[in-house]
Amino acid sequence: MEIPSKYDPKPVEEKIYQKWLNEKKFAARANPSKRPFCIVIPPPNVTGILHMGHALNNTIQDVLIRFRRMQGYESLWMPGTDHAGIATQNVVEKELAKERLKKEDIGREKFLERLWDWTDKHGSTIIEQLKKLGASCDWDRTRFTMDKEYSEAVKEVFIKLYEKELIYRGNYIINWCPRCETALSDEESPHKEIDGWLYYIRYPVEQGGGKIPSKFRINYIIVATTRPETMLGDTAVAINPRDTRYQYLKNAKVILPIVERELKVVEDEAVDPEFGTGVVKVTPAHDPADFQMGKKHNLEFINIMNPDSTLNQNVPEDFIGMDRFEARQAILEVLQEKKLIEKREPYRISAGHCYRCHTIIEPRVSPQWFVRMRPLAQGAIKVVEEDKVTFLPQRWKKVYLNWVHNIQDWCISRQIWWGHRLPVYYCKDCREGVEEESKKGVIVAKEKPPTCPACGSSTITQDNDVLDTWFSSWLWPFATFHWPQSEHGEEKAKADLDYFYPTNVLVTASEILFFWVARMIMAGMEFMNQIPFDKVLIHGTVRDAKGIKMSKSLGNIIDPLDIIEKFGADALRFSLMLLAASGSDVYLSDEKFLVGRNFCNKIWNATRLCLLKIKENKIKVSDLELKELEDIDKWCLQQLDETINQATKSLQDLSINDATKKAYDFFWHTFCDWYLEIIKDNFTAAKTKVLLHSLVTSMKLLHPVMPFITQEVFTLIKEHSSLKLEDSLVSASWPKPSNIAPKESEAAKLNLLVETIRQIRNIKTDLGLGAKKLHLEIKAGPKAEEFLRANATWIMRLSASQSLDIKPKLARTLYKNALWEINLGIEDIDAESFVTSLEKKISKIQTIFEKASVRLTDQRFLDNASPDTVENEKAKFEEISLQLKRLQELRKAFMDQK
RNA sequence: GGGCGGUUAGCUCAGUUGGUUAGAGCGCAUGCCUCACAUGCAUGAGGUCACAGGUUCGAAUCCUGUAUCGCCCACCA
């Protein structure tokens, strides 16, 4: 069979993944004879398409899952998708808009039908893309956050919290997106700075009943604001009680311009006398701080905006219907006319933005549902403080704790249609004339009650709002195991929940630490009375080559599917794992993936060589028992052992990057660069076993990172040999060290030989000898001679020599170490070049020598440093002195000979 | 306004508890189609480890400060 010299990942990956699926290689079952290892996937949005962030996040998870599976754990990667309320609704609304329709035109029921259609059609796109990446999820378990069962869990949780009075309804100021026309949580409304102005506006003051000293007899005060349009909703001005400048205002009448409303004057500590003029306008219905003040001082709340943030009937006629920003300009013009603008200053305003559509948030007072977070936070604080849940990198612990300690109540109701509708019903009769926040006539239940339990009325309606998407996501680690049904007797589901929960690692980007991770810990503690996972691995953000976050709108994305198409999933995965140091951001460009592509090709060609040699030499091996080994074989195995140990430890510590590097280094720079070259001229049955053992072991070590090519190579080895290997790498055993190593003295000799070969190459390059094959002449003692003869063929190959003679005396010495001297059999030698390079080496060693000798003559060093350090330093000095001496002798001898 | 992280070769980054001759990949230079791979092989050049102090026999590593870039949080209107 011909194996092409270039690796083509595409057919291989498709074929292999299909085979894995057919054989259900990723399925995990509660299995008491094994230890569980479980990761729940951060469920991608159904609207999602695979981007580099997903690729990074999911590759990390797959590596861990595959590693543990090979280590013999019952390894479960739980997959699924998130219904992503606002995002998905927005997509379908846009589709509707193409038909010139609004959701209201077709009504809630029809609109939901369209949403389900869309989800059925496109919702699993990302799942298919994850398969292309090689994800080894147990796909039969795939969950969706709006599955019937999952919805039951959501309802159950809502009801439980309501009954514990941890959910309440209240009329508060919340973050409102005027474009999505829904409430948002604080986390969904991140603050960003925008350029704006600070306007100083004159509010007329009329003297009130009291006496005002003449020096204060001015006819206006000045307030500073960045949002002049909100003044139409002003109901007070506020000053700091300790601010002596404005005491007179308490007895004065402040008039709101344009509206001509009289404003209350209140005193509040929250007012900073230093800022602006020290007088602040108070708009309780449109500013969170003013809202607080309004509550405190019992002010009037005037909502001046419609849901889409156009001005409503509560403003003077001229402004009704204007958009908020349009209104700002209009108001400024009017104020200008009335000469009521004192001045304006450029000002950076920090404003909330909708995390879905980036529209500036409009604070809005409206009845919403909230979760009381403080009680929930207690457990979540404790487990992290006690390191029951740990973060990696550790620094996130502080960030997490800071957030949880300062937690605010969570606004969970959304005025959209796609999502879990609140399990809340209202009895119209009981609600008659009742205050909005009252619980009277409110029925919280999983199903609509036929009649009101209080009055028997049957005019019952369900709350129109749906729940925040994250209100379902926070249940993910246990709701995916059919909680609460699994608690209520379903045997198989319960076994799974008991077995796999708590899960082991959660892998995520820092962006959703608060949204999701923190809340999952709370939900875990509240509903399972247990942490949901014990480790949180937080990886970096994927950025472009300039360090800018990749986003579709900026057009700087690198599509992982393009990379898979061009270079293969293995190349993509390997490159990402190599680049993504723990926790730091990843800067990407197309060419960064060449590392992965090239490495795949290297693996491919190394395999070709192995198979070729076996075929050529007609060597049959049926087992990999390592025996009759020469030192150089042991040398290779020893380095492989070291690689196994380091890679295993790194993977256990979640340092995938480190493990990947170690395996890569061994494979390329030890196995390919040295061992494969060595066996070319020494192909024996024993070496074949070392060769295949090393190759198979490398494939195992690399399999978590590069599942496809390693599997393909594994299969090829099986096909081309009579080895009894495991059925598939997915379920193969993780390698263990062979504990075979050369004796220390032999190892030292081998290392010296490797160094010698490097020196020969170096000298050849320095002398500009190009590809010329030289005659190698070596002077060595009898013991060393035996050693050199035994290894002669590969010494010649690796030093590109055509012959090797061991002589009692050399005509000239070009390199010398403790065991042997070397000459290259050529007539003319560019003596000048040789001496120059020799002198360079000498001067380098000289510097080190001097440093070391200064250190060793420093009594303070000898007194203070640990004995070990001093010993090491002495040994190093000995070594360096010898090297230096040899080099100097070499130069002298060379000069004499020439 | 608080908090966190980065600053090491032209670029992207490693560097474990202070004890080396500071590493890798890419790029660069030079030479090689050496019967697995030019997606390759060999050799090499390139760094006062951001800056300034301090601790120490010894600092890229610990402490303090400065600069600079980035991120997160926060009701200064």
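Please read these numbers as outputs of a predicted model, since none were measured by experiment.
Rounded to whole Å, the C1' atom of U61(B) lies 12 Å from the corresponding atom of U8(B). Comparing the P positions of A24(B) and G46(B) gives an interatomic distance of 14 Å, to the nearest angstrom. Look at the C1' atom in both U20(B) and A14(B): the space between them is 15 Å, to the nearest Å. Comparing G10(B) with A45(B), their P atoms sit 15 Å apart, to the nearest whole Å. Rounded to a whole angstrom, the distance from the P atom of U68(B) to that of C75(B) is 28 Å. Annotation: U48(B) and A52(B) have their C1' atoms spaced 14 Å apart (nearest Å). For the P atom pair drawn from U7(B) and A60(B), the interatomic distance equals 15 Å after rounding to whole Å. If you take atom P in G58(B) and the same atom in C13(B), they sit 34 Å apart, rounded to whole Å.
Relative orientation of the Phe599(A) and Trp668(A) rings is parallel, given thresholds of 30° and 60° on the angle between their planes.
Between Phe291(A) and Phe301(A), the gap from one ring centroid to the other is short of 6.0 Å. Aromatic rings from Phe849(A) and Phe877(A) are positioned such that their centres are separated by under 6.0 Å. Annotation: Trp604(A) is in aromatic contact with Tyr7(A) [ring centroid separation under 6.0 Å].
A donor-acceptor pair under 3.5 Å is absent between the side-chain atoms of Asp858(A) and the main chain of Val854(A), judged by distance alone.
Dashed line: the shortest gap from a side-chain N or O of His669(A) to OP1 or OP2 of G25(B) is under 4.0 Å.
Partner Leu609(A) forms a side chain to side chain contact (heavy atoms under 4.5 Å, CB included) with one of Leu695(A), Leu691(A), Leu676(A) and no other, that one being Leu676(A).
The residue Ala606(A) sits close to a base: some heavy atom pair falls under 4.0 Å. Glu677(A) comes within contact range of at least one nucleobase, with a heavy-atom separation under 4.0 Å. Residue contacts for Asp673(A): at a heavy-atom cut-off of 4.0 Å it reaches the sugar-phosphate backbone alone, with no base atom in range. Among the protein residues, Tyr400(A) comes within range of no part of the nucleic acid, since none of its heavy atoms lies under 4.0 Å from any strand.
When only modelled atom types and interatomic distance are considered, Tyr355(A) and Glu187(A) share no side-chain donor-acceptor pair under 3.5 Å. Between the side chains of Ser799(A) and Lys764(A), no donor N or O sits under 3.5 Å from an acceptor N or O.
For A24(B), its base never sits under 3.5 Å from the side chain of Lys661(A) at any donor and acceptor pair. Donor-acceptor pairing under 3.5 Å, judged by distance alone, is absent between the side chain of Lys398(A) and the base of C4(B).
Comparing A45(B), U39(B), G40(B) by their closest approach to the side chain of Lys6(A) singles out U39(B). When the nucleotides A77(B), C41(B), C57(B) are ranked by their closest atom to the side chain of Val280(A), A77(B) comes out on top. Checked against A14(B), A74(B), C76(B), the side chain of His191(A) finds its nearest nucleotide in A74(B). Nearest to the side chain of Phe275(A), among A77(B), C75(B), C35(B), sits A77(B).
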Starting at the 5' end of RNA chain B, write a dot or bracket for each base, bracketing those in Watson-Crick or G-U wobble pairs whose two distances are under 3.5 Å and using | for partners on another strand. ((((((((.[[[[.)...(...]]]].(((((.......))))).....[[[[[..)....]]]]])))))))....
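Within the 4.5 Å cutoff, no side-chain heavy atoms of Ser721(A) are placed close to those of Ile614(A).
For the salt bridge (Lys or Arg N to Asp or Glu O under 4.0 Å) condition, no pair includes a residue of residues 594-604 of chain A, sequence neighbours left out.
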What are the atom names and distances for every N/O pair under 3.5 Å that joins the protein to nucleotides 16-20 of chain B?
unit_1 : atom_1 : unit_2    : atom_2 : d
U20(B) : O3'    : Lys876(A) : NZ     : 2.9

